[in-house]
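Per chain, numbering begins at 1; letters A, B, ... match sequence-line order. Since the model is a prediction, treat every value here as computed from it, not as a measurement. Computed over heavy atoms, backbone and side chain alike; hydrogens, waters and symmetry mates excluded.
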Number of protein chains: 2
Amino acid sequence: MPRSGEEVRQRLQQAALELYLERGFDQTTTENIATRAGVTERTFFRHFADKREVFFDGEAQLRDVLTRAVAAVPAGTKPLPTLRAAFHEAVPLFEQNRPVTEPRSRVIATTAALQERALAKGAALVRALTDALRARGVDEQLAMLCAQVGMDTCTIAFRGWMDDPSEGLHAQLDRAFRELRLAAAALR
Amino acid sequence: MPRSGEEVRQRLQQAALELYLERGFDQTTTENIATRAGVTERTFFRHFADKREVFFDGEAQLRDVLTRAVAAVPAGTKPLPTLRAAFHEAVPLFEQNRPVTEPRSRVIATTAALQERALAKGAALVRALTDALRARGVDEQLAMLCAQVGMDTCTIAFRGWMDDPSEGLHAQLDRAFRELRLAAAALR
DNA sequence: CAGTCCGTGTCACAAACTGACAGCACGTTG
DNA sequence: CAACGTGCTGTCAGTTTGTGACACGGACTG
């Protein structure tokens with residue numbers, strides 16, 4: 001698949017990451033990125049819809065892995081256990097991407113515009129998980145709630161793992177879902 | 001014509017809402033809004049940081065009501081029941097704002113840029129709720145998880161109430177939190 | 001070899017912001 | 001009363017983001 005344009009695309013992503021790390025997102029122009037990648041500013045916008053999008057390219061892959069993992073869970077499993085299993089399935093992907101994800105997260109943490117886009121990407125993932133649950137026969141309202149809540153729980157686990165990788169992501173996931181179960185049991 | 005400032009601010013909000021409804025967010029320029037409000041484009045940016053922010057001004061009030069409501073819940077109440085009570089406390093505010101919120105939501109639903117900002121505002125609210133819970137002695141990780149999950153549950157209830165107000169927001173809240181409890185009980 | 005995509009460069013341009021400075025109404029102070 | 005500071009606005013010039021239109025050149029296809 002990789003036409004000659006795929007190389008340019010990767011160079012643009014690399015250049016953007018470098019520049020955002022060096023001088024920050026706001027101090028980097030799209031022209032800076034294009035120049036470092038050896039292309040024109042116009043070409044940058046042919047590959048990425050805007051200055052933020054260049055930072056969120058792996059999301060599609062994660063979405064595919066997660067939705068496939070949801071579909072692979074044995075039928076009859078309840079929504080939240082299904083999601084927990086799916087997230088465990090995606091752990092290798094997270095671990096493998098960590099060297100890229102870690103500096104990326106640092107940049108995002110200091111840039112409001114990137115935080116917004118990250119939230120939007122998370123919302124898209126929640127929509128995909130909602131659809132995956134509905135395909136398993138889960139009621140729409142329940143699917144929305146569980147997809148959102150499951151995603152939050154995974155995010156909490158992920159953040160804990162980023163701060164301190166020693167426990168491992170699997171353990172963080174189990175801990176977060178256990179906390180969720182206990183917290184929700186206090187309702188009623 | 002140096003108006004009091006606050007009046008100009010409200011005229012700008014009104015003009016923005018009207019124009020976004022008439023021709024859509026993307027087809028409306030900041031100059032359009034300023035002109036309809038009887039001021040200069042520069043003045044628009046003195047009151048609002050960007051074109052989206054003019055749409056999200058009530059968020060601060062909701063945040064104050066919710067954090068105060070959390071603080072007012074009897075000590076010893078667990079995090080999620082605390083939040084559920086706080087959301088019930090805010091129902092009158094939601095009901096009172098509904099005539100404004102409803103057309104606003106329609107615009108947001110059709111505009112990606114506004115959805116992003118809405119997510120960011122929701123995240124800010126979650127941070128405020130997290131702090132409010134921590135002030136009650138809740139562990140940080142647990143506070144983050146509950147604030148996020150509680151917010152999601154409230155959002156689901158809110159959406160259901162927007163689609164069909166006949167049941168009332170109180171009932172939608174109770175139903176959503178009941179679903180959350182049942183879904184989480186299936187874990188382990 | 002001719003045709004046709006596809007990615008890119010170039011140019012022109014609208015729209016979203018920002019910084020600097022000046023003016024005008026207002027209340028305060030001497 | 002007059003001088004003065006303060007807060008809001010207008011004006012102007014400028015940067016940056018993002019888009020549309022068109023032409024060039026290489027790669028693939030028939």
For this session: Find out whether the Lys NZ or Arg CZ of R104(B) is both under 6.0 angstrom from the six-membered ring centre of F56(B) and within 45° of the ring's axis.
Result: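 R104(B) over F56(B) ring: yes.
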
Problem set entry | Distance, nearest 0.5 Å, that separates CZ of F177(B) from CG of L187(A) |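 It is 6.5 Å, given to the nearest 0.5 Å.
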
For this session: Mind checking E31(B) for me? I need base, sugar-phosphate or nothing, with any heavy atom below 4.0 Å counting as a touch.
Result: nothing

For this session: Tell me what R9(A) touches on the nucleic acid: a base, only sugar-phosphate, or nothing, going by heavy atoms under 4.0 Å.
Result: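 No contact.
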
For the side chain of [X], starting at C-beta, report the closest nucleotide among [options].
X	options	result
R46(A)	dC17(C), dT10(C), dT17(D)	dT10(C)
E41(B)	dT10(C), dC17(C), dT11(D)	dC17(C)
K51(A)	dC17(C), dT11(D), dG18(D)	dG18(D)

Calculate the interatomic distance between [X] atom [atom1] and [N] atom [atom2]; express it in whole Å.
X	N	atom1	atom2	value
E53(A)	dT19(D)	CD	P	12 Å
F48(A)	dG7(C)	CZ	C1'	14 Å
L12(B)	dC8(D)	CG	P	14 Å
N32(B)	dA16(C)	CG	C1'	13 Å
F44(A)	dG9(C)	CZ	P	14 Å
L114(A)	dT17(D)	CG	P	13 Å
R117(B)	dA16(C)	CZ	P	14 Å
F45(B)	dA20(C)	CZ	P	18 Å

Problem set entry | Closest non-hydrogen atom pair between F87(B) and L129(B), with its separation |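 The pair with the smallest heavy-atom distance is CZ-CD1, 4.1 Å.
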
Exercise. Nearest heavy-atom pair of I33(B) and A15(B): which atoms, and what distance?
Worked result: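 Minimum heavy-atom separation between I33(B) and A15(B): O-CB, 3.8 Å.
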
Report yes if at least one side-chain N or O of [X] is closer than 4.0 Å to OP1 or OP2 of [N]; otherwise report no.
X	N	value
H47(A)	dG7(C)	no
T30(A)	dT16(D)	no
R42(B)	dA16(C)	no
T29(B)	dA15(C)	no

Exercise. Any idea how H88(B) and H170(B) line up, ring-wise: parallel (<30°), tilted (30 to 60°), or perpendicular (>60°)?
Worked result: parallel

